[in-house]
Amino acid sequence: MLYVSGEISGDSWGIFAFLCAALWNLPTIPALNSTDEVGAGQSIQKTYDLTRYLEHQLRTLAGTYLNYLGPPFNEPDFNPPRMTRAEMVPSATVDFELWRNLNDNARLAANYRAYTHLLCYLRSMDGQVAKAELRKNLGHFCTSLQGLVVSIASVMSSLGYPLPSPLGSANPTWAQGPGATSTHNDFLKKMDDFWLLKELQTWLWRSAKDFNRLKKKVPPAALMLRLEARGF
Amino acid sequence: MWDNPSLRCLLAIAFLHLLGLIYSQETGFPEAPENLKCITHDLNRMICSWDATSSANLGLTYKICYTNSEPFSPVCIETEGKRADIPVTIGSTNIQITTLNASGTPLATETFVLPEENVSLIPLTPQILNLSADFSTYTLYLKWNDSGSVFQYELDASWQIQILHKETLETVALINYDSKLTGKDSILSWDWTSDIPLECTSYYVKIRCYINEPYFTGRKEWSEWSPIRTVPEKDTKPNSPMVFPQDKVVLVGSNVTFCCLYNEGESIKFMKYGSKSYPLLRLNKWSSAIKVQNVSASISSGTNVWCLLEPDGLEGTVLFVGYAPDTPQNLSCETHTFINITCSWKPGRATELYTQRQTKYILFERISKENVTCEVDELKPEHHCNFSVHANQKIYNFTLGASNPLGQAESSLLIDVTQRVHLETPDKFTVSTNSSTNAHLSWYIPGNFIQIRLLCQIEINNSNSEQQLQSVSMAGAENSNYRAWVDALHPYATYTFRVRCSASEHFWRWSEWSEGKKLTTLEAPPARGPDIWRERSPVGETLTVFWKPLLLSEANGIILSHEVSCYSREIMLKAHEVPVPLNSTEIKLGGNDCLISVVAKNRAGSSPPSRITSMDLPSDNVKTELAIATGNGIYISWPSDPNVTCGYTLKCCISSGSEPCKVDWEMFPSNATDAVIKSALFQPGVRYNFSLYGCKHSGYQLLQNITGYMKELPPKVAPNFTVEETSSDSILVKWEDIPVEDCQGFLKGYILYFAKGEKSSSKTSFTDEENKTEKNITDLTKKSLRILDLQGKTSYRLGLRAYTVGGIGPLKDLYVVTKENSVGLIIAILIPVAVAVVLGVVTSILCYQKREWIKETFYPDIPNPENSKALQFQKNICEGNTALKTLEMNPCTPNCVEVVETQSTVLKIEDTEIISPVADSELPEDGSDPETGSHVVVSYCPPIIEEEISSPPIDEPVGSSQVIYIDIQSMYQPQVNPEEEPEINFVTTAGYKPQMQLPINAMKMESHSPTEEDLDKTVGYRPQANTNVWKLDSPDSPISIQSNNENGSFGSPCSINSRQFLIPPKDYEDSPTHNNTGWSFTNFFQNKPND
């Protein structure tokens, strides 16, 4: 609880602080203790803030990365059709009503699974980048995204939801992990990277909405701390 | 068979014989065979075919009998078809074909003579054994059997391979391929590389053959084309849309063709390379291509090539364009520790290829045949790779191979590892000491150097930034500390040590310097006693002992105190310690002389004593000499004194600022006679006094005093001087000495300037004044000077400056007036007075005696105008005026006439009228009566001009009178004789004058029209061109001139030459009378006769 008051905005130390907070919270909050809403409120707020920060960070990263991929990926009106092969990346294009009708647990679990896989792809992407500066930025973003995964896990635990189990082979292609894309040619890999960034953007946007909605459901017990965390 | 020469000859003769015998026997039966044709595939047997009408007779058979030549008996065969396989014979073949019916009855017989020329050699149709493709290199591989076993001997064969593509089977390539048939079947192979990826479209390949048998005289023809083979074998649509080539790496400048494969029902919207669209080339119904020429290096992630499909699809590939690796440059291998050999190189030109396509380096050692894959960082300008040192191997032959998908390069280097030792930077460097001159050093070098010796360099820097290098050689050891010590250090000095090492025997490179370590050595007793001097008080009771502080290098530590002792005959009378920082002390002698000893002390001990005797020898007649300034020091010389045995001491007392002077001295050996004294305290223009003492056996003796400057400057001030005495022709000047501190040098003299000059006049320096006189006074004892030969009652300016070798000082000046010469003045007054009196007396006497004659002449009772001298004088003037060419003069007429007698026509001048410009300007503008106006009577002789009327016209009425116009030259104008240069006078005195003013103001008219008054109000300058203000009868017009006669220009200035009026004279025509005019035209007077 004490770690969120630092100057986090634009600073990896802030991310590190979030990570520490999340890790600290994880063992201390009983997984099934759904009554600990004070802890849940704080976790949701932190996760929401982290999501917004990641949105900001991704905007910078995506600009640089798409330039690295070259045309047509860096063209503003580039909007390729989503091909079946690109389903290696979990899609966020779920019907709005369908998504809204899901319960909190299902939505959180979908978030958790999506970010876990997106993180895996992001890491595999990292090793193929020729530019050192871009590699560093990607690594930085991976760390931040790892923090978000842990934060979501923390929220789920504080609300008493079990963590989702890994998907089996009967699940979507993207659940099989980045190894399934190894036969892709370079252009398709670039396409995957493009979709990965796009999906990340959509997921983060959706997550921010989800966590905003979720934090309204819990009592505002952690209002003070939330205000501190606004330092983002 | 064909190789046998005799057989060939026989065949040739038979062939010629048979040529004439070819004929066919026409039997006239329809079943008779005709059109016999024979071909051979192998030159061994030939297939002959013929035409024959079968009609309704089925079951016809043919009997073929052939003979090569006589005397061979014919060989007969029977066949049902119209072809037969018969052996190829040399020369010609007689073939008899008999048509038999079903019962075997001959129906018709035909005989052919077939020469070899009519036999065609057509090889067997070749068959493609295998057609394969390497898609990565766009290469087709073709294999076929040459069927060489058909021929029994070697033959030259040619093959033609045709490659086609697209649906329209366009020929891509038609290639000829030659081979040699060896009598045995051989598999021939051939490959072909496409410039389009093989995936883009199917390729069709066929082949045919031609046998070149030189001795076969028949026709040689190409074989049939082989059956077409296709690659890829199935020319069908692809499984999914794709762009080819996939992820290819090409050289910069290549031409690359890309194709986009798509499904049926789809079409390509566009295809781009990077961001540029290229025209599409249709390959087939499911493939289109673009050609990109001269590709440039791709971006780091590769250049994207993509096609957008309709209705919905996007496919792409990435092309990596770069360079083959450059030869590794500056390959250098060395060992730091004898554990690894580190090779370094520069990669040369960037390949522009990254990640898995970047250059891979392999370091191969030929002797041990080991290789190492090098991990390099592409971003660093220099790459490194480590290779393990092998025991018992000194020579290493390295080859560094660089490769990427576009090529490879390598560099080699042979080294002896013991000669390529570049040690690591010495670590754990420590410095210690336990003495005042030595230091112990210790450092650690990682690595195993047992087999070599090390050479280490120790850098010693002292606090004065003096640098010293010491080298030390030592045996190498394994991961060991190395020690060294340095000596000859200064006591109590701070040093900074660093160390670096290399191999001793075969120097390659120094290691980096270790970190610097500081060390201060211990103190030692001062190296020598201080320099001392003593001065006796004037009374002689006390002696002040001075010493100079020791240099840091001599003190060997911190000087704590000085011990001053007084010895008399080796017995110490007194001793006391003077603490630092005092550098002098007083000793009371009590009337006795003693030997003074001074010892400097620090923590480590005392210095050797410095001794000096207190005894002063008397000196007589001590002179003061002048030293020479050298600019940066003072040159002092003295005569050699043989009695001086223990050197000279030159003492001075230099004061800096307000502090009391500081005693300083310098010692010289006995043989020295001169020295240049330098000191940082010396300042230019300051006088320094020195005392030279000679050290003699029994004491010190003052030999001479010396005074001098480091640099002489001009005097700072001017000498004060006054005028002591003044007469009418001389001045006595006295001056004072300049104070020594203001001299700034040795005074060489004075310069006295004098010149006439008033005090009120602007002061200029004497150097600028031309009439100055200067006197150089070099006799410095002279303090006054008398300046002679001056003028009386005249103001003089005097100036005095002093000068030294350094220059001339400032000037001081004053003014003095010489007295008047009274005798001369008296004489000058008395003589003219006396002369005047004498003349007056003589004149009075003469006048008295001639008083009657004077009365008759000048004051008669009845004056006679004809005898008037004054009038005579005026006549001359008038005569002079008649000389004017441009103006005809009228006879002078008095303006006032007094009638004395009615019969007499003599006129009398009553008055003269003078109008000065001043008076004129005071005239009222309405031209009031001039008689009551401002007429000025000039008392001194005005140039009255009169012309006597010699013969006045009788017919004129009495009332009319002629008037003399008189003009008086203005007082403000230069007097010019009008008789001499009247024209010039006119011109030169004219200048600009308001032209209208003259006639208007000067006119005296009784009847003055209002029009004229209006005109008067416009007095002022009227430009002549402004003809509007002029009257029509302006004198400018010739008519005007005629009508007004020559004198019609009264009052108007006119050009002397043109005689045209400058101002129209209209006012005057109407005037009944005219008075004299104008102030403006001196000596220009006109009169106008009354009408």
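The figures here come from the full heavy-atom set of this structure, side chains too, leaving out hydrogens, waters and symmetry mates. Labels below follow one simple rule: chain letters A, B, ... track the order of the sequence lines, proteins then strands, and each chain is numbered from 1.
Between K46(A) and D49(A), none of the side-chain N atoms (NZ, or NE/NH1/NH2) sits under 4.0 Å from a carboxylate O, so this pair counts as no salt bridge. Ion pairing between a basic and an acidic side chain is recognised when a charged N comes within 4.0 Å of a carboxylate O; K189(A) and D192(A) show no such pairing.
Aromatic rings from F270(B) and W306(B) are positioned such that their centres are separated by under 6.0 Å.
Within the 4.5 angstrom heavy-atom criterion, only side-chain atoms of F78(A), from C-beta onward, approach chain B.
Of the options F364(B), W345(B), F387(B), a ring-ring contact (aromatic ring centres under 6.0 Å, His included) to F398(B) is made by F387(B) and by none of the others.
Note on T355(B), T317(B), N304(B): by heavy-atom pairs under 4.5 Å with chain A, the leading option is N304(B). Per-residue counts of heavy-atom pairs under 4.5 Å with chain A were compared for D377(B), V305(B), V318(B); the largest is that of V318(B).
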